[in-house]
Each structure stands twice: as structure tokens, then as C-alpha cells.
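The figures that follow rest on heavy atoms only: side chains count, while hydrogens, waters and symmetry mates do not. Because the structure is predicted, anything quoted here is derived from the model rather than measured.
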Amino acid sequence: TPHQMIQAGKINKSPTGKPISVVFGTNADEMAPFIASTSVVFPGASLPVWQKDIEIVAKHLVDYHQPTWNESTARAIVDAYSTGSFKDAFGGWKLTAMGTDFIFLCSTRKAAAALAAHGIKTYVYWFDFKSEKYVDPRSIECQLIFEVDCGVAHGDEIQCAELLRCTLSLPLVSWRAHHTARTELRG
């Protein structure tokens, strides 16, 4: 996998032979545009997404990660997106948050840490700019349209940057500084 290649130090250099610098980012609701495919990707799941569908997705993730994950892992995933701000949330929003964390945010951090460990200048950002078209992914409207065009979704930062209509709300932060700050916050 690409992650294993990075860990092994198999990292490309620039065309001039110099080390590369890498920018990684995650959008606040990155998974939103992919929710509409839930019933195709996860057998037994339906649209709109409800709590039972969250459980189907969690079980699928566990099955995919055998033998290291098990039923208690599936329960922990479901529980993590069933309490606090997710307690009374619609399923589409829960799956958007879960997918954003699992597929985009965790993968980004894992890759950034692996590259930084090899001395590659690595920067990370979190994009949460709400344009005039923003629709809250927690709304009933987004639940009923399967999260399509909701939230700060996958690719929104590209259009924003191209149109020069917004700026990143946070500066790019080096991975080492980001990781150190997160570690200090956790105690």
C-alpha cells in the first residue's frame, strides 16, 4: 500500500532530485457527497441513512479489517457516533462524520506522520469555510437528499481557492507542530 511504501522510505523526489514538500488537508464534511452511494457500497443499507445503516457500515468495516477488528470494534464505532452531538442526529450526518473521520482525517494524519518521520516537509490543514451555498449537513433537508451538496464537502477547498473567494481559516501548520500541539492538548 502507499502507506507501507512511505514507511519503507520509498518516497518520490522532485524532478530536480530535491526532496518534496507535501500539503495534506481534510474538509469538515468531506464524506458528504459519497453518502448517496451507501446502498450500493454496503449491502443491506438503505437511503436515507438511519441508525440501522450505521450499524451495517460498522459491521462492514469490521469484516474488511479482519482479523484485527471484531464485534466490540463495531460496537465502539456505532457508540462513538451515537452520543454527544450525535445523540439525536440523523443517520446521514452521522455517516458523513464517521466517513470523514475514518476515510479522510485518519488517513491524512497517518500519511502526514509517516512522511514527516522521513524528514519530508509536511503541512496539514482543516478546511471548514462555509460559502453562501452552505447547507448544514445535520439538517433534515440534507438527510432527505442524502447529503448531496451539503456541508463543507470533498473538493470544496479547490473551487474556493481557484475562485479566490475565500482563504483557509487556519494557516498551514507543519505536521510536527500539529502533532505536538495535539499531544499536549490530550495531556
Would you give the length of the straight line joining atom [atom1] of [X] to atom [atom2] of [Y], rounded to the nearest 0.5 angstrom?
X	Y	atom1	atom2	value
Tyr125	Tyr123	OH	OH	15.0 Å
Asp101	Ile77	CG	CD1	11.0 Å
Asp136	Cys142	CG	SG	7.0 Å
Ser14	Ile20	OG	CD1	8.5 Å
Ile140	Ile145	CD1	CD1	11.0 Å
Asn70	Thr68	CG	OG1	9.0 Å

Keeping [X] on the side-chain end and [Y] on the backbone end, is there a donor-acceptor pair under 3.5 Å?
X	Y	value
Gln143	Val49	yes
Thr96	Met31	no
His60	Ile56	no
Asp29	Gly151	no
His118	Ile6	yes

For residues [X] and [Y], report the shortest heavy-atom separation together with the two atoms involved.
X	Y	result
Asn27	Gly155	ND2-N, 3.7 Å
Ala112	Val124	CB-CG1, 3.9 Å
Asp53	Pro48	OD2-O, 3.6 Å
Ser107	Phe102	OG-O, 3.9 Å
Thr108	Thr26	OG1-OG1, 3.5 Å
Phe146	Ile35	O-CB, 3.5 Å

Practice problem: Taking atom CG of Asp63 as the centre, report whether more than 12 heavy atoms of other residues, nucleotides or ligands fall under 6.0 Å from it. | Solution: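 For Asp63, atom CG is crowded (more than 12 foreign heavy atoms under 6.0 Å).
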Quiz prompt | Neighbour count above 12 (heavy atom, 6.0 Å) for Lys121 NZ | solution =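 Counting neighbours around NZ of Lys121, 12 or fewer heavy atoms of other residues, nucleotides or ligands fall under 6.0 Å, so no.
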Quiz item: Where does the angle between the aromatic ring planes of Phe90 and Trp50 fall among parallel (under 30°), tilted (30 to 60°) and perpendicular (over 60°)?
Solution: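 Perpendicular.
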If you define the side chain from C-beta out and look only at heavy atoms, does anything of [X] sit under 4.5 Å from [Y]?
X	Y	answer
Asp149	Lys133	no
Trp126	Leu105	yes
His3	Lys110	yes
Phe104	His154	yes

Should [X] and [Y] be regarded as members of a common hydrophobic cluster, given that ILVMFWY residues are connected when their side-chain heavy atoms come within less than 4.5 Å of each other, either directly or indirectly?
X	Y	result
Phe42	Ile103	yes
Val57	Val41	yes
Val23	Phe129	yes
Ile54	Phe86	yes
Val152	Leu95	no

Quiz item: Would Tyr64 and Trp69 count as a side chain to side chain contact (heavy atoms under 4.5 Å, CB included) if you check the C-alpha gap in whole Å, the side-chain angles of each, and the deciding distance to 0.1 Å?
Solution: CA-CA 9 Å; Tyr64 184 77; Trp69 291 16; over 6 Å; no
Practice problem: Could you please spell out the steps behind the side chain to side chain contact (heavy atoms under 4.5 Å, CB included) verdict for Cys150 and Arg138? | Solution: CA-CA 9 Å; Cys150 292; Arg138 297 171 293 181; over 6 Å; no
Exercise. Would you please test Lys94 and Gln51 for side chain to side chain donor-acceptor pair (under 3.5 Å) and show each step?
Key: CA-CA 9 Å; Lys94 289 180 183 183; Gln51 186 62 31; 2.7 Å; yes
